[in-house]
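A, B, ... follow the sequence lines: proteins, then strands. Residue 1 opens every chain. Remember, it's a predicted structure, so these values are computed and weren't measured experimentally.
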Amino acid sequence: MPGVTLRVRFAPSPTGYFHVGSARTALFNWLVARRAGGTFILRIEDTDAERNREEWVDGILAALAWLGMDADEGPYRQSARTERYRQAVDMLWEAGVLYACDCTRDQVEGRTKAAGVLTPGYDGHCRGRGLARVAGSGEPPRALRFRTPDEGTVAVDDVVRGRVEFPCSAMEDFVAVKANGGPLFVLANVVDDIDMAITHVIRGEDLLPTTPRGILVWQALAAAGWQPEGTPTGVRSADGERAAPDERIPLPVFAHLPMLVNEQRKKLSKRRDPVAVERYRDEGYLPQAFVNYLALLGWSPPVDRELFSVDELVSWFDLADVNHSPAFFDVAKLTHLNGEHVRALSTDAFVEACAPWTKGHLARWRSEDFDPEVFARMAPLVQERVAVLGEVPDMVGFLFTDPVEMDEASWEKAVVGDPQAGELLDAAAAAYRGLEAAGTWTADALHRATEAVAEGAGRKLGKAQAPVRVAVTGRRVGPPLFESMEVLGPRRVLERIGRARARVAGAGGTGTG
RNA sequence: GGUCCCAUCGUCUAGCGGCCUAGGACACCACCCUCUCAAGGUGGAGACACGGGUUCGAACCCCGUUGGGACUGCCA
């Protein structure tokens, strides 16, 4: 298609925090645009003033920025385009496809119930009443309904699902304009897509049932002579004279993505499912890993692997490889993938990525206690042991907290539960003091010294190091012990072993048994 | 109720009529490696919803059944 640039849009409604499903939709649009060298447009669908909040817009923008999905145009605001919608409504009204309706919801329901109709929905009551567009003073305001065809079908040609046909007989005359004059989704959305020359509409499958309405509106607008905004007038009118409406304002290509579901196989809900993107950011997921995982939800790459950089995703992504069936958002798999991305980082990048937890707002120690050099030395050992960055504080907290915070479960198991713990600690302390005196306080020397202690106690190193580890780091699990003790230094190591030894002795002395 | 969508291991999926005694990944189990924990290695268990067709041949095509889901707002 020479001369035709692909234009896609992500059009969220700011009615809540940014949702993983929305992020997936945004990503697929973004990938398609980047792959094709097209344009990615951001449009905020905020026509419902009562439900939209500015903070949610900020949340969307922040999440998109975090994930690296940069918009080429926008954000456009529907709330700033009311004049454009009014023009569309006028045109549609003149064309006779819109009619005024003053039925309340209760009235409609009452009539369908009384008539015993099996198919609820609007009954076309006001179709032939010829109500004026604006009611007289004192009368209730009137909504405008779109006159749908009585027969035939509307077909949606969908890249993902093929041709889907909807019978007009099942389509009610839907409300396109609120009584207060404001446009509804189906109208504003279509006007914008035409004006913004959108070529591909890529969105969730939940919008598939309303797509025929959009197509009807699109065709009515085209037939009524709607002029897309911002198109050079000369070119357009020349084309417009001859071309059929559908050619003049061609329908976009539709692609309805499979739903993201929870463990109950229901559409992800903001209310009951952990779907806020910012939550994953704060738990320490890497944006590139999150994007990688999101891409795998509903799309499968043509190569047999799952770890991709964002650039690789751009080069491999194709709507033709999008699946049909709903996908479960599996945090366990996301976590694994995140671990892979964490390990793929350079040490410097890892240290940098950890900043929010080491010296930022998520740190659990006083900033003056944090030693960047110590962290940098331990970083490679930590990096290969965490799946999400939020695990980092637990793993290195003993380096920046004095006295060390003791995990009581670890203490119980490795010290209280080990009759030899006391003598092991004594032997280790003695050996370490020797290293300190000899000036050979290195991980290697500590390793050998501890091995000797283990041998002396008649056990394997693995069993012998446990009490020492708990005494020094406060936990049974963590980064390699000897490197940890090396960076911690003799003073603090010996002090901690001494404190633990005293506690064991104290417990023994006051014990009842 | 109506309209529409979907249907391969627990999960994400490969498969687009013969390469399938169905492959990979996550999770799970066992073993190996190992100073703990991870990571890594090896092995294991684990699926074509059901019934009819079409065909020499069906996970793949068609029909039906069943199951799940979405929509059915003067929300988007």
(message) Looking at Arg305(A) and Glu312(A), is any side-chain nitrogen of the basic one under 4.0 Å from a carboxylate oxygen of the acidic one?
(response) yes
(request) In whole angstrom, give the distance that lies between atom CG of Asp304(A) and atom C1' of rC12(B). (result) 13 Å
(request) Round to the nearest Å and state the distance from Leu481(A) atom CG to rC35(B) atom P. (result) 12 Å
(request) In whole angstrom, give the distance that lies between atom CG of Leu337(A) and atom C1' of rU13(B). (result) 14 Å
(request) Using a 4.0 Å cut-off on protein heavy atoms (strictly under), produce a 5'-to-3' string for nucleotides 66-76 of chain B with B for base contact, S for backbone-only sugar-phosphate contact, and - for none. (result) --SSSS-SBBB
(message) Mind checking if Glu263(A) touches a base, just sugar-phosphate, or nothing, with heavy atoms under 4.0 Å?
(response) nothing
(message) Of the options rG2(B), rC35(B), rC12(B), whose atoms approach the side-chain atoms of Arg469(A) most closely?
(response) rC35(B)
(message) Measure NE2/His341(A) against P/rA39(B) and give the value in whole Å, please.
(response) 16 Å
(message) Is it the case that the ring center of Tyr293(A) lies less than 6.0 angstrom away from the ring center of Phe329(A)?
(response) yes
(message) Tell me which residues in residues 451-466 of chain A lie within less than 4.0 Å of RNA chain B, going by non-hydrogen atoms.
(response) Leu461(A), Gly462(A), Gln465(A)
(message) Students often get this wrong, so: under 4.0 angstrom with heavy atoms, is Gly298(A) touching a base, only sugar-phosphate, or nothing?
(response) sugar-phosphate
(request) Could you pull out the closest heavy-atom pair between Thr25(A) and Ile202(A), with the gap in Å? (result) CG2-O, 3.7 Å
(request) Heavy atoms only: give me the nearest Arg142(A)-Asp102(A) pair and the separation to one decimal. (result) CG-CB, 4.0 Å
(message) Looking at rC4(B), which nucleotide sits across from it as a Watson-Crick or G-U wobble partner, both distances under 3.5 angstrom, or is there none?
(response) rG69(B)
(message) Among rU3(B), rA14(B), rA25(B), which nucleotide has an atom closest to any side-chain atom of Ser300(A)?
(response) rA14(B)
(request) Tell me the partner of rC26(B), counting only Watson-Crick (N1-N3 plus N6-O4 or O6-N4) or G-U wobble (N1-O2 and O6-N3) with both under 3.5 Å; none if nothing fits. (result) rG10(B)
(request) Would you kindly give the CZ-to-C1' distance between Phe174(A) and rG2(B), to the nearest whole Å? (result) 18 Å
(request) Quick one: look up who rU54(B) pairs with, Watson-Crick or G-U, both distances under 3.5 Å, and put none if it's unpaired. (result) none
(message) On the side chain of Arg161(A), is there an atom forming a donor-acceptor pair with the base of rC5(B) - under 3.5 Å, no angle test?
(response) no
(message) Ring centres under 6.0 Å, that's the criterion: do Trp299(A) and Phe28(A) meet it?
(response) no
(request) Check the distance between rA27(B)'s P and Leu334(A)'s CG and give it to me in whole angstrom. (result) 12 Å
(request) Could you label the plane-to-plane angle of the Tyr122(A) and Tyr99(A) rings as parallel, tilted or perpendicular, counting under 30° as parallel and over 60° as perpendicular? (result) tilted
(request) Please state how far atom NZ in Lys413(A) lies from atom P in rC37(B), giving the value in whole angstrom units. (result) 10 Å
(request) Describe the nucleic acid contact of Arg343(A) in one word from base, sugar-phosphate, nothing, applying a heavy-atom distance below 4.0 Å. (result) sugar-phosphate
(message) Quick check: any donor-acceptor pair below 3.5 Å linking the side-chain of Glu483(A) to the base of rC35(B)?
(response) yes
(message) Tell me the interatomic distance from Asn292(A), atom CG, to rC26(B), atom P, rounded to whole angstroms.
(response) 13 Å
(request) Write down the partner of rC37(B) under the Watson-Crick or G-U wobble criteria, each distance required to be under 3.5 Å. (result) none
(request) For rC74(B), give its Watson-Crick or G-U wobble partner with both distances under 3.5 Å, or none. (result) none
(message) Of the options rU3(B), rC26(B), rU36(B), whose atoms approach the side-chain atoms of His336(A) most closely?
(response) rC26(B)
(request) Would you please indicate yes or no on a ring centroid separation below 6.0 angstrom for Phe290(A) and Tyr285(A)? (result) no
(request) Please determine, for the side chain of His324(A), which listed nucleotide (rC12(B), rU3(B), rA7(B)) has the closest atom? (result) rA7(B)
(request) Please evaluate the base of rA25(B) for a donor-acceptor partner in the side chain of Lys333(A) within a cut-off of under 3.5 Å? (result) yes
